[in-house]
Amino acid sequence: MAMDMTYFNDMEAKIPRGKVRTRFAPSPTGYMHVGNLRTALYTWLIARSSGGAFILRIEDTDQGRLVEGAVDVIYRTLAECGLTHDEGPDVGGPVGPYIQSQRRDTYGRYAHLLVEKGCAYYCFCEKTESEEDSGGFHRAADPCRSLSPEEARARMEAGEPYVIRQRIPETGTTTFHDAIFGDITVENATLDDQVLLKRDGLPTYNFANVIDDHLMGITHVVRGSEYLSSAPKYDLLYQSFGWDVPTYVHCSPVMRDQHNKMSKRHGDPSYEDLKAQGYLTEAILNYVALLGWSPRGELAEREMFTLPELAEAFDIAGISKSPAIFDIDKLTHFNALYLRAMSPEDFHAAAEPYIRQSVKNPGLDTRSIAALLQARCEKLTEIPEKVDFFEVLPAYGTDLFTNKKSKTNEEVSRRMLESVIPALEETAEWSPEAIHGCLTGLAEKLEVKNATLMWPVRIAAAGRAVTPGGAVEICCILGRDECLRRLRVGLEMLEA
């Protein structure tokens, strides 16, 4: 008896049509690695550059790999990055539910429809349920391929466990088109009869993707190039149902080096790791966008893009076939550029929590400290170590007072501090302008270069050879009492 098509016709009627629709469909199996973030970004950019819709779908059919809290990581990452979704589990939409485990009945219906069409079959063999092509596949005749519908039904009614497998043509070829790699043709004899529906009634990843992409009206499918080998089987499924094939966009991998893909196992960073290491979200997104894509035309030489600018500039033709190598030094360079480009107010807001990790004294002005850091900082996590001397004068040796370029040694530095301390004590106003005027005026009076006087002042005030900011700024931030106390400590060390 022919299958009732009412359900399937109703599902077809719900499909949104007429504009670009893309989807990011992560598995909640842990962290958001850089490759995943790039897929989400490219998928979002394709939708936004075309005035289309961006859909979030959670693919949780592999129940054994689910990680608690991973869905929250996905939501949080997309929100922080500004990759807003138009439809998804948390915002709803016309073709929900958007979590695969909640669509179980749908997959079962479509798997049985394929059997009805003769494009799939019930398999009762004791085989592993997942048979992805590992590169060494050799087709072996499956006895269940030739079972009559009556035999298969009898075994099902007897309670035998079964899977539903795709019936791949035994001869001929399948050609599919990818927007990056062009037309690719494979021999059908090299493709396995993949499992579509597992014994527990849940679909395999490959089958659920095809069903959901069609029923959600997805026009462009962005995924890693490792799925190229599965694309012919996807195409055959679309053909079996009589559906249009979406535009495939297979992106080459993000590599740790010339030979190895990035992976958590090897300690490669996730998005959250990079944030924890002091990188700005905007810098991460900008850099990730250029991992395998480059702008064209008049923008070809440009590297810095805001997210809206990326949406305007992005086109699929700019995606490269070649793997991209993740260069942490390049990301650090991007991050430094972004830090310098921030307004002083925004930089202070970003830097203050890091300043306060080591500078606990509420009397010390974090805005003034931040102003010293902005042009001298590559990552936010560098800040606590750069400014901890404001809180406590570190132990240091008198050898720091010797500097060839500034023409100082311990004796010269002693004489400079002997003159500086009373001059600063008499300074009526404690401001950068007043301190600068006092010190430069004193240098002129002593007939020495400014650097000869400033070097020992900075060393005594900070106890460091390298500091963000010079002697004037550091003295001003420390305040009159603490600054003079430190200068006296330095003088005592030199007199000992």
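In this text, all values refer to a predicted model and were calculated from it rather than measured experimentally.
For residues 299-309, every residue pair satisfying the side-chain hydrogen bond (donor to acceptor under 3.5 Å, both in side chains) rule, not counting sequence neighbours, is listed here: Arg302-Glu309, Glu303-Lys330, Thr306-Glu309. Residue pairs that meet the side-chain hydrogen bond (donor to acceptor under 3.5 Å, both in side chains) test with at least one member in residues 372-392, sequence neighbours left out, are Asp388-Arg464. Note on residues 486-496: pairs passing side-chain hydrogen bond (donor to acceptor under 3.5 Å, both in side chains), not counting sequence neighbours, are Glu425-Arg488, Glu482-Arg486. Listed by first and then second residue, the salt bridge (Lys or Arg N to Asp or Glu O under 4.0 Å) pairs involving residues 21-38 are Arg21-Glu87, Arg23-Asp213 (not counting sequence neighbours).
Residues Ala283 and Asn335 share a closest heavy-atom pair of CB-OD1, 3.4 Å. Here the closest heavy-atom approach between residue Ala47 and residue Val20 is recorded as CA-CG1, 4.3 Å. Between Ala461 and Leu393, the closest heavy-atom pair is O-CD1, 3.9 Å. For the residue pair Ala460 and Phe401, the shortest heavy atom distance occurs at N-CE2, 4.0 Å. Across all their heavy atoms, Pro432 and Cys476 have their closest contact at CD-SG, 3.4 Å. Considering all non-hydrogen atoms of both residues, Leu285 and Cys81 come closest at CD1-O, 3.2 Å.
Contacts of His220 classified as ring pair (Phe, Tyr, Trp, His ring centres under 6.0 Å), with partners at least two apart in sequence or in another chain: none. For Thr398, the side chain to side chain donor-acceptor pair (under 3.5 Å) partners at least two apart in sequence or on another chain are Glu410. Every residue two or more places apart in sequence or in another chain that forms a side chain to side chain contact (heavy atoms under 4.5 Å, CB included) with Thr39 is listed here: Phe24, Thr43, Val222. By the side chain to side chain donor-acceptor pair (under 3.5 Å) test, Glu429 pairs with Ser431, sequence neighbours left out. With sequence neighbours left out, Phe334 forms a ring pair (Phe, Tyr, Trp, His ring centres under 6.0 Å) with Tyr287. For Tyr205, the ring pair (Phe, Tyr, Trp, His ring centres under 6.0 Å) criterion is met by Tyr227, not counting sequence neighbours. In this structure His348 satisfies the ring pair (Phe, Tyr, Trp, His ring centres under 6.0 Å) test with no other residue, sequence neighbours excluded.
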>> Evaluate Phe347 against Leu373 for side-chain contact (heavy atoms from CB on, under 4.5 Å), listing each step before the verdict.
In response: CA-CA 9 Å; Phe347 179 78; Leu373 290 164; 4.0 Å; yes

>> Using the rule given for salt bridge (charged side-chain N to carboxylate O under 4.0 Å, His left out), can you reason through Arg103 versus Asp60, listing the C-alpha separation, both sets of side-chain angles and the distance that settles it, and then say yes or no?
In response: CA-CA 11 Å; Arg103 300 170 62 85; Asp60 62 345; over 6 Å; no

> So Asn209 and Val221, side-chain contact (heavy atoms from CB on, under 4.5 Å) or not? Walk me through it.
Replying inline: CA-CA 10 Å; Asn209 261 275; Val221 174; 5.8 Å; no

> Going through the distances and angles, do Phe390 and Ile355 end up as a side-chain contact (heavy atoms from CB on, under 4.5 Å)?
Replying inline: CA-CA 10 Å; Phe390 281 111; Ile355 294 172; over 6 Å; no

> So Glu411 and Arg414, salt bridge (charged side-chain N to carboxylate O under 4.0 Å, His left out) or not? Walk me through it.
Replying inline: CA-CA 5 Å; Glu411 174 59 25; Arg414 181 185 62 78; 2.4 Å; yes

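Atom NZ of Lys445 sits about 11.5 Å away from atom CD of Glu447, to the nearest 0.5 Å. Atom OG in Ser230 sits 11.5 Å away from atom CG in Asp235 (nearest 0.5 Å). One finds the CG atom of Leu41 at 10.5 Å from the CG atom of Leu78 (value rounded to the nearest 0.5 Å). Distance CZ/Phe181 to CG/Leu228: 5.5 Å, rounded to 0.5 Å. Rounding to the nearest 0.5 Å places OH of Tyr98 at 10.5 Å from CG of Leu56. We find the CD1-OG1 distance between Ile474 and Thr467 to be 3.5 Å, quoted to the nearest 0.5 Å.
The aromatic rings of His85 and Tyr75 lie parallel to each other, with less than 30° between the two planes, well short of the 60° mark.
Heavy atoms of other residues, nucleotides or ligands lying less than 6.0 angstrom from CD of Glu312 number 12 at most. Applying the 6.0 Å contact sphere to CZ of Arg76 captures more than 12 heavy atoms from other residues, nucleotides or ligands. Annotation: Glu444, atom CD; neighbour count of heavy atoms from other residues, nucleotides and ligands within 6.0 Å does not exceed 12.
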Give every donor-acceptor pair under 3.5 Å between a side-chain atom in residues 448-455 and any protein atom, sequence neighbours left out.
{"unit_1": "Thr452", "atom_1": "OG1", "unit_2": "Ser406", "atom_2": "O", "d": "2.8"}
{"unit_1": "Trp455", "atom_1": "NE1", "unit_2": "Leu400", "atom_2": "O", "d": "2.9"}

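Side chain to side chain, Asp273 and Ser270 meet the donor-acceptor criterion of an N or O pair below 3.5 Å. In the model, Lys275 has a side-chain atom that pairs as donor or acceptor with a side-chain atom of Thr281 under 3.5 Å.
Tyr279 and Tyr338 have their aromatic ring centers separated by at least 6.0 angstrom.
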